[in-house]
Novice: 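Okay, handing you the structure first.
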Amino acid sequence: PIYHHKTVIEALEDLKTKGFTYDVNIHNDDIIANPHNYQVKHVYRYDGNTDPGEESVVYGISSTLGQNGVFVAGFSAVSNTGHSLLNLEY
């Protein structure tokens, strides 16, 4: 994966220009069922300068079928939104 440090909005805009338009957050059932069909291509990490609760990660994910999408997850000790990505290839 390629790591970038930008704001979440900039990361989403950058990924959109690269063809990553599918919203994986809404449609993550297939990733959970078939993680071997997906690969993380880009990782953008946004650190909250004043509030750790504002930390998040934006992933650019590609499928073996050629579909490119984005997944946004909170990045904190209490966040579990990214647990479905644990089995993906990086």
Novice: Name all residues meeting the side-chain contact (heavy atoms from CB on, under 4.5 Å) criterion together with I26; count only those two or more places apart in sequence or in a different chain, and write none if there are none.
Specialist: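 Only D23 meet the side-chain contact (heavy atoms from CB on, under 4.5 Å) criterion with I26.
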Novice: Between atom CD of Q39 and atom NZ of K41, what is the distance when rounded to the nearest 0.5 Å?
Specialist: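 With rounding to 0.5 Å, CD (Q39) is 4.0 Å from NZ (K41).
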Novice: Show the atom names and distances, to 0.1 Å, of all donor-acceptor pairs under 3.5 Å that link a side chain in residues 64-71 to residues at least two apart or in another chain.
Specialist:
| unit_1 | atom_1 | unit_2 | atom_2 | d |
| --- | --- | --- | --- | --- |
| N68 | OD1 | S62 | OG | 2.6 |

Novice: For V72, is there any backbone N or O sitting under 3.5 Å from a side-chain donor or acceptor partner on N25?
Specialist: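 Pair found, side chain donor or acceptor close to backbone of V72.
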Novice: H42 and Y59: aromatic ring centres closer than 6.0 Å?
Specialist: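 So the answer is no for these two rings.
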Novice: For a quick test of reading the model, state the closest non-hydrogen atom pair linking V24 to I31 and the distance between them.
Specialist: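 Distance-wise, the nearest heavy atoms are CG1-CD1, 3.2 Å.
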Novice: Contact between D14 and Y44 at the side-chain level, heavy atoms closer than 4.5 Å - yes or no?
Specialist: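 Answer yes - side chains close enough.
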Novice: Got a sec, which residues hit side chain to side chain donor-acceptor pair (under 3.5 Å) with D30, two or more places apart in sequence or on another chain?
Specialist: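 Here the qualifying residues are N34, Y38.
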